[in-house]
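Throughout, numbering of the chain's residues begins at 1 and tracks the sequence. Side-chain atoms are counted along with the backbone in the values below, which use heavy atoms only and exclude waters and symmetry mates.
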Amino acid sequence: MKTKFSLFCIAMMYTLPGFCQTYIKNVTLVDVTQNKLLPGRTVAITGDIISGIYPATVKIPGNATVINGEGKFLIPGLTDSHVHFFQSGGLYARPDVAVLQKYKSYESEMAWTHQHMEDFLRRYTKAGITTVIDPGATFNYLAQRDSFANKSYAPTIYMAGPLLTTYEPEVYKNLKNDEPFNLFSNTAEATDLLAKQLPHRPDFIKIWYIVLGKNKEEEAKKYQPAIKAIIDEAHKNHLRVAIHATERLTAQLAVESGCDYLVHEVDDEVVSADFINLLKKNKVVLCPTLIVVDDYFDTFTQKKNFSYEELIQANPEQLGSISDLKHLADTALTNHYKTARAARMRYIATTDSIRMINLKKMTDAGVIIAAGTDAGNIGTQHASSLFTELKAMQQAGMSNWQIIQSATINGAKAMGKEKEFGSIEKGKKADLVLLNANPAEQLENLQKISLVINKGHVIAPDTLIKETPLALVQRQLNAYNQRSIDAFLEPYAEDVELYTFPDKLVSKGKDDMRKHYAAFFERVPSLHCEILDRIVKGNAIVDHESISVGPNKKVDAVAIYHIENNKIKKVYFIQ
């Protein structure tokens with residue numbers, strides 16, 4: 001269901017109280033400022049603003065749209081406080097980390113991300129994420145951001161321009177308006193680069209505070225004057241500053257220089273009380289991004305296990321690319337990533353415990369923690385990864401209420417916009433999620449979404465993405481390679497029919513499929529299907545497949561998929 005207002009209503013709603021409003025009646029509010037549930041409330045929405053909060057007994061105007069909230073829970077729309085739209089989340093997203101351009105050029109990767117930004121945005125809204133913060137984009141993405149400003153299906157986007165950086169990988173240089181990094185070596189260069197960003201109207205400024213070499217302290221202090229100059233100049237232009245600083249030293253120098261937002265956790269040492277007090281004193285927001293490093297590690301070692309929700313919610317093409325290392329032809333190159341790169345990632349993964357300890361210490365001390373995924377990096381999928389991040393925060397020792405705060409009001413604080421959104425209060429933006437169960441009781445209930453209210457528009461989540469036949473087939477393939485039986489069956493019709501070509505019926509219905517494939521998945525732990533060729537013709541997909549079923553054992557097959565009513569209805573196999 002999507003509420004539509006007539007032009008007359010739109011003209012009048014700001015002049016007559018209660019005119020052309022939407023009311024969510026008799027719902028339990030999730031109060032993220034006081035950490036408590038408020039049952040029996042009715043919330044009024046006028047345009048894109050929460051115009052009133054009343055007892056359930058309030059008299060509702062006869063011309064209002066009414067949503068029955070009985071037995072349901074209303075939370076503020078979620079915020080992912082760290083995403084990157086110039087990165088797809090797939091295997092080819094970071095050519096400075098995985099040099100795989102012989103398989104997919106970076107030019108084609110950039111084109112793909114631009115073309116699919118709307119798809120990502122729809123997936124965010126479908127997941128109840130009504131605000132995203134992109135700390136590091138490009139001038140082209142800043143222009144594209146503006147095209148989604150008034151779209152009901154798109155979350156609100158806060159976006160920085162190119163990262164002002166002390167280090168720039170070679171592969172990103174000379175890309176003009178698609179360049180995600182602006183390199184500086186001194187204060188004059190830094191402030192000049194900042195001035196060149198201002199005409200593109202970034203929502204905030206991002207600094208990549210990278211220090212290399214053996215004497216990191218000397219290197220960090222060498223760049224501090226330029227860091228402070230950027231922050232001071234940004235603040236003069238009423239822009240907040242986010243900083244990537246994963247060492248305690250660079251994070252401390254950044255905060256002492258006046259930054260507003262640390263977009264990663266400190267991972268090189270357990271932080272002291274003095275450091276924590278510095279963050280609290282300066283009201284700095286910190287985003288831990290717990291899962292992104294492990295996602296790299298799991299991708300390169302081919303140990304990445306996606307949840308059911310990720311398999312059905314993420315963009316299927318990019319999620320599917322994560323398993324490509326299992327079949328890319330250059331075995332010397334791919335083995336490099338499985339061994340040398342994996343060894344490096346193992347080393348980095350040892351910092352997990354430090355980040356977990358630091359997150360718990362800072363949360364307990366009252367540092368403002370904002371949930372963010374760093375989505376777009378290899379293995380960290382847009383939209384679907386936020387819940388995985390929230391579960392990791394839970395494992396670090398944060399309570400459910402603290403986690404809900406981190407994904408709502410604290411995301412607003414990261415942008416200095418807590419008076420505009422992030423909690424359910426009169427006068428704030430009508431960005432809300434109606435849940436079927438209590439999220440304070442179980443975090444999993446954040447995924448039990450009844451309706452999303454985005455910019456005042458009431459949206460049924462299932463209406464946001466119309467999946468193509470190709471997407472359905474790719475989703476079931478992704479789940480097949482993950483041996484996830486529930487996610488594998490989800491794209492199929494209840495009365496699906498499987499045939500041996502041309503017309504021998506071998507199975508009918510999901511129950512039969514489940515029996516066969518569940519046993520098969522259990523029996524073949526090394527299962528992997530590579531698509532050698534694919535033909536897309538209307539509602540039919542023809543896949544030429546090479547299926548690994550054991551060490552040095554492959555089966556060549558052809559599968560013909562027929563899609564009806566947005567489900568896979570028939571499959572014909574040729575072997």
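With contacts defined as side-chain heavy-atom distances shorter than 4.5 Å, the pair S81/Y158 does not qualify. Side-chain contact between P316 and R475: present, with at least one pair of heavy atoms (C-beta onward) separated by less than 4.5 Å. In this structure the side chain of R145 reaches within 4.5 angstrom of the side chain of R201, judged on heavy atoms. Using a 4.5 Å heavy-atom cutoff, the side chains of F387 and Q313 are not in contact. The shortest distance between side-chain heavy atoms of L239 and L198 falls below 4.5 Å. Between L175 and M110 the shortest side-chain heavy-atom distance falls below 4.5 Å. At least one side-chain heavy atom of R355 sits under 4.5 Å from a side-chain heavy atom of V293. Considering only heavy atoms from C-beta on, Q405 comes within 4.5 Å of N35 through its side chain.
When all heavy atoms of G77 and T408 are compared, the pair lying nearest together is O-CG2, 4.1 Å. Nearest approach of V255 to N282, heavy atoms of both residues: O-ND2, 3.2 Å. The shortest heavy-atom contact between N400 and P439 is ND2-O, 4.1 Å. In this structure, D267 and I354 approach most closely via the heavy-atom pair O-CD1, 3.5 Å. Taking every heavy atom of both residues into account, V83 and P135 meet most closely at O-CD, 3.2 Å.
Counting non-hydrogen atoms of other residues, nucleotides and ligands closer than 6.0 Å to NZ of K151 gives a total of 12 or fewer. For K104, the NZ atom is densely surrounded, since the number of other residues' heavy atoms within 6.0 Å is greater than 12. Heavy-atom contacts from other residues, nucleotides or ligands closer than 6.0 Å to NZ of K173 number more than 12.
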Start with the C-alpha gap between T191 and E233, add the side-chain angles, then the distance that decides, and say whether side chain to side chain donor-acceptor pair (under 3.5 Å) holds. CA-CA 7 Å; T191 53; E233 193 64 25; over 6 Å; no
If you apply the rule ring pair (Phe, Tyr, Trp, His ring centres under 6.0 Å), what do you find for H82 with H84, and how did you get there? CA-CA 7 Å; H82 193 149; H84 291 289; 5.0 Å; yes
Might you work through the side chain to side chain donor-acceptor pair (under 3.5 Å) test for Q394 and K391, ending with a clear yes or no? CA-CA 5 Å; Q394 186 181 57; K391 291 297 287 185; 2.9 Å; yes
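Under 4.0 Å is where a charged nitrogen must lie from a carboxylate oxygen, and between K236 and D232 no such pair does. Checked for salt-bridge contact, K221 and E217 meet the test: a charged N lies under 4.0 Å from a carboxylate O. A salt bridge does not link K228 to E256: none of the charged nitrogens lies less than 4.0 Å from a carboxylate oxygen. A salt bridge is defined here as a Lys NZ or Arg NE, NH1 or NH2 lying under 4.0 Å from an Asp or Glu carboxylate O, and E219 with K216 fails to meet this definition. Look at E444 and K448 and you find no salt bridge, because none of the NZ, NE, NH1 or NH2 atoms lies under 4.0 Å from a carboxylate O.
When each of Y141, F86, Y153, W112 is checked for a ring-ring contact (aromatic ring centres under 6.0 Å, His included) with F120, only W112 meets the rule. Only one option out of H235, K283, K413 pairs with D260 in a side-chain hydrogen bond (donor to acceptor under 3.5 Å, both in side chains); it is H235.
Between F181 and Y167, the gap from one ring centroid to the other reaches at least 6.0 Å.
Atom CG of L164 sits about 6.5 Å away from atom CG of L194, to the nearest 0.5 Å. Rounding to the nearest 0.5 angstrom, the gap separating the CG atom in N140 from the CD atom in E179 is 11.5 Å. Here the straight-line distance linking atom CD1 of I230 with atom CD1 of I205 works out to 8.5 Å at 0.5 Å rounding. The distance from atom CD1 of I243 to atom OG1 of T250, rounded to the nearest 0.5 Å, is 8.5 Å. Of the inter-residue distances, the one linking L386 atom CG with D80 atom CG reads 5.0 Å to the nearest 0.5 angstrom. Here the straight-line distance linking atom OH of Y261 with atom CG of L286 works out to 8.0 Å at 0.5 Å rounding.
Counting only N and O atoms by type, the side chains of Q318 and S88 include a donor and acceptor under 3.5 Å apart. Checking S385 against T388 by side-chain atom types alone, no donor-acceptor pair falls below 3.5 Å.
Below 30°, between 30° and 60°, or above 60°: for F85 and Y124 the angle between ring planes is above 60°, a perpendicular geometry.
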